[in-house]
Amino acid sequence: MERYDAATVEARWQAIWERERIFETANPAPGDDTSRLTYVLEMLPYPSGVLHMGHVKNYTMGDVVTLYRRRNGDRVMHPMGYDAFGLPAENAAIRTGQHPAESTRANIAAIRAQMKRMGWSIDWTRELSTSEPEYYRWTQWIFLRLYEAGLAYRKAAVVKWCPVDQTVLANEQVIDGRCERCKSEVEARTLEQWFFRITAYADRLLDDLAGVTWPDRVVTMQRNWIGRSEGAEVVFRLDDGETELPVFTTRPDTLFGATFFVMAPEHPLALELARGSEHEREVADYVSHTAAKSEVERAAGEKDKTGVFTGRYVVNPVNDERIPVWIADYVLMGYGTGAIMAVPAHDERDLEFARTFGLDVRPVVRPREGKVVEDGAYVSRTADEVLINSGDFTGAAAPEGRRAITEWLERRGRGRATVAYRLRDWLLSRQRYWGCPIPVVHCGACGIVPVPDDQLPVLLPHVDDYAPRGRSPLAAAEDWVRVSCPGCGGEAQRETDTMDTFVDSSWYYLRYADPHNQRAPFDREVVDAWLPVDQYIGGVEHAILHLLYARFFTKALQDLGYVGFSEPFQNLFTQGMIYYQGAKMAKSKGNVISPDEHVAEYGADTVRLYSLFLGPPDQDAEWFDGGVAGSFRFLARLWRLVGESLQEMGVGIPPAVAADGPGAELVRNTHRTIARVSNDIGRRFAFNTAESALHELVGAVMDSPDATPQQRRFALATAVSLIQPYAPHIACELWERMGGERLWDEPWPAADSAMLGSATVTYAVQVNGKLRGEVEVASDADETTVVAAARGVTNVAVHLDGTTVVKEIVVPGRLVNLVVR
RNA sequence: GCCCGGGUGGCGGAGUUGGUAGACGCGGUCGACUUAAAAUCGACUUCCCCGCAAGGGGAGCGCGAGUUCGAGUCUCGCCCCGGGCACCA
């Protein structure tokens with residue numbers, strides 16, 4: 001047989017697969033059995049350049065799962081698309097002068113070509129791009145449905161502004177006070193912006209995590225992000241006797257320990273309180289000073305407490321005590337009510353503040369056991385505490401005290417049990433060009449008017465100057481902005497902000513199911529048949545943003561009756577990142593390896609194989625170029641061995657062969673390999689060790705010259721069959737040469753459980769836990785026989801000499817340990 | 001500070017319910033084939049000690065304890081690396 005030439009083999013099979021359209025999976029017809037419908041999905045790429053090795057690993061993993069499941073009888077949908085709107089394309093466009101629509105189109109074409117060259121079994125009839133009007137028309141449509149439901153709303157708010165990208169950012173896109181993308185410090189601005197009311201779903205987003213099979217750390221990250229805290233709202237009254245100032249606390253049991261009261265500088269009443277008093281100037285200075293501080297200074301800086309006294313007091317509802325009101329930036333406007341009761345005896349931050357400004361510290365709980373530090377202040381973490389200095393509640397255990405005080409407040413209308421969340425509403429407006437237009441019109445007479453469905457899509461106009469200037473570049477497209485109001489017909493303006501890209505990717509997995517629907521984003525019956533996604537695969541960097549937003553969309557669409565399920569992704573697998581030369585492989589780091597060179601040198605099968613051989617798929621891995629050759633050698637060896645086998649016995653694929661003669665072990669080994677590979681791919685997601693098992697099997701063929709040609713063929717044919725999910729081109733080629741047909745239609749090999757064991761087993765023999773020898777016995781030998789054989793091993797006997805065996809431990813099939821004295 | 005991962009040869013990593021640590025691959029050394037090289041095939045490749053050798057002994061999975069006949073794996077206390085959150089009341 002000629003030498004293995006990947007390029008020829010791969011071109012041939014890719015042509016066959018395309019001609020036979022084997023990657024396409026039609027939607028179920030009415031009445032079809034839907035029980036085997038399976039949806040395997042990898043996160044769609046962002047077309048800012050070509051694919052790199054991280055993508056290769058991601059999509060190869062999805063392809064292995066897809067091919068494996070197909071051969072196990074599933075009808076698998078495996079689609080692909082492009083998350084094509086967004087800042088990187090636009091920023092690149094500003095640099096290069098190429099319009100984002102053009103660069104995006106070019107990048108998509110390049111990526112598509114790469115994907116086809118990799119031989120991934122993608123159903124191209126379902127391909128979509130979020131920047132195409134056929135897609136974003138429905139993004140707009142969904143926005144309008146959320147708007148009608150009150151889940152999209154507009155409000156003026158202090159928002160995070162990126163001065164470089166010249167746009168607002170969602171909370172989730174601010175990392176340590178810096179823009180997630182360009183790393184510049186974000187600023188605070190007050191703007192009218194669009195929000196999605198994701199907070200309305202906080203509890204469900206939290207509770208439904210129990211029903212999905214996701215990595216623990218992703219679940220934990222989402223939980224922390226939502227940040228649910230149970231506690232109470234306690235209403236303090238200002239010394240004017242009227243103004244009510246509620247606070248949120250998780251520790252109503254410490255209410256008697258409140259010795260002062262603190263409001264955030266952004267609190268609407270902050271300036272009001274000191275007006276006309278001697279404190280007015282100081283308070284005003286402090287408020288404007290903290291407003292000028294950047295997020296970075298405020299968040300990452302020292303935790304030194306600063307603040308000013310307002311000269312005002314509030315009354316503690318539980319004991320009518322007057323306590324001073326301070327303004328301090330350690331209280332955040334965005335959480336709870338923007339004001340707190342300070343209990344310095346039992347809260348670190350309050351204590352630090354009290355010490356800085358000489359305020360009272362009054363302990364009101366005491367641990368049943370344990371030390372009380374200094375003046376009785378300590379930060380409590382245990383539930384085992386008792387109330388002290390707390391009026392009628394003194395002596396109660398803390399949990400009871402908590403309940404009792406909350407009820408007491410509730411009865412008097414001075415408070416109630418409540419829940420606070422860290423999660424904020426999702427700010428979706430962006431003052432940028434390359435995004436989905438928000439389909440509303442601003443009319444002087446009617447206010448905000450949604451664009452009627454029959455006028456969708458609101459097309460993104462072509463503008464030549466899309467450089468950001470703090471307002472959307474769309475505002476410059478005056479002809480486009482000017483529109484007649486759909487309500488009154490009067491003169492009106494289009495909304496010029498575009499949507500956050502994460503809106504586009506929050507529903508794409510639904511569109512795949514019904515990608516050409518012209519009347520609706522998707523048909524409910526179709527999505528209900530396919531979804532939730534059975535296996536979602538992507539980078540862990542999306543643990544919060546994308547996954548949280550997509551879950552929110554699914555739940556909102558369920559409530560509106562458009563889908564019949566509440567979670568989009570039943571099983572999630574997060575792959576680790578690929579490092580190269582010690583850094584994350586990323587375009588911004590300039591250390592991106594494209595698969596193209598390696599594919600040109602060794603072929604797609606080799607690159608696919610090596611991308612999953614690097615290590616456990618959920619862990620980060622270092623790419624190193626030298627390793628690719630090893631995967632190629634393996635395929636070339638398999639190729640050669642099949643060639644030799646063909647010379648030896650011609651074509652034929654034996655369904656099973658007997659385990660007898662010198663090749664018996666090879667046959668058993670083959671069955672064990674089937675079991676290992678199936679378990680590793682199907683259950684463990686251990687793609688690297690499945691490959692190792694196949695290496696071993698091929699090695700065993702070379703080590704078994706005495707096996708019969710049929711036995712060797714059986715082992716080789718099985719190896720070819722098992723390698724197909726990883727290296728489908730060479731597998732199909734060799735399978736065909738051995739006399740098989742359409743390997744992708746062949747059922748996945750089944751291991752004969754009777755063949756999994758060997759005729760004999762090797763026992764390790766230990767004396768007092770130390771390995772002293774090995775002994776081979778029949779695998780059905782009983783314990784007595786095994787122990788006798790173990791004692792007979794020369795080196796074991798030496799170590800037993802002059803001792804008494806007090807205990808014999810036999811682990812069946814593995815080891816004997818003789819405990820001696 | 002809190003919450004997750006991770007730490008095993010020269011390197012990437014195996015080690016499934018506690019049971020022969022180092023599978024598989026990379027790299028390296030030696031050998032076969034070859035005029036030669038490449039390719040391929042074979043042997044060796046954790047460290048130390050004894051032995052010409054076959055073989056034997058000891059140590060060893062970040063560090064220190066513990067449980068156990070037996071610990072990379074379980075428990076406790078630390079150290080280091082990576083990630084997430086971080087004044088969230």
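We name chains A, B, ... by the order of the sequence lines, and we start the count at 1 in each one.
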Separation of the C1' atoms in B/G56 and B/C4, to the nearest angstrom
47 Å
Could you please name the partner base of B/C52, counting Watson-Crick and G-U wobble pairs only when both distances are under 3.5 Å?
none
Watson-Crick or G-U wobble mate for B/G5, both contacts under 3.5 Å
B/C81
Touch check for A/Y421, heavy atoms < 4.0 angstrom, all strands: base, sugar-phosphate only, or nothing?
nothing
May I ask which nucleotide in the shown strands pairs with B/G31, Watson-Crick or G-U wobble, both distances under 3.5 Å?
B/C41
Between C1' of B/A23 and CG of A/D680, the distance in whole Å
12 Å
Base, sugar-phosphate, or nothing: which does A/N795 touch, judged by heavy atoms less than 4.0 Å apart?
sugar-phosphate
For B/C79 and B/U29, measure between their P atoms and round to the nearest Å.
42 Å
Centroid-to-centroid, A/F687 to A/F685, below 6.0 Å?
yes
Take atom CG of A/D620 and atom P of B/G84, then tell me their distance rounded to the nearest Å.
11 Å
Measuring only the P atom in each nucleotide, how far is B/A86 from B/C76? A whole number of Å is fine.
29 Å
By the 4.0 Å heavy-atom rule, please label A/I340 as base, sugar-phosphate, or nothing.
base
For A/G630, answer base if it contacts any base atom (sugar-phosphate contacts may also be present), sugar-phosphate if it contacts only those atoms, and nothing otherwise; contact means non-hydrogen atoms under 4.0 Å.
sugar-phosphate
Please work out if A/R228 contacts a base, only the sugar-phosphate, or nothing of the nucleic acid, heavy-atom cut-off 4.0 Å.
nothing
Interatomic distance at C1', B/C24 relative to B/G82, whole Å:
26 Å
Between A/T762 and A/E774, a side-chain donor and acceptor under 3.5 Å
no
Could you give the distance separating B/U67 and B/G72 at their P atoms, to the nearest angstrom?
16 Å
Using the P atom on both, measure B/G1 against B/C69 and round to a whole Å.
39 Å
For B/G55 versus B/G66, give the span between their P atoms, rounded off to a whole number of Å.
37 Å
So, is B/G22 syn or anti if syn means the angle is within 90° of 0?
anti
Step-by-step side chain to side chain contact (heavy atoms under 4.5 Å, CB included) determination, A/I340 to A/Y330:
CA-CA 10 Å; A/I340 61 158; A/Y330 82 95; 3.7 Å; yes
Using the C1' atom in both, what is the distance from B/G51 to B/U40, to the nearest Å?
36 Å
Complementary nucleotide for B/A14 - Watson-Crick or wobble, under 3.5 Å:
none
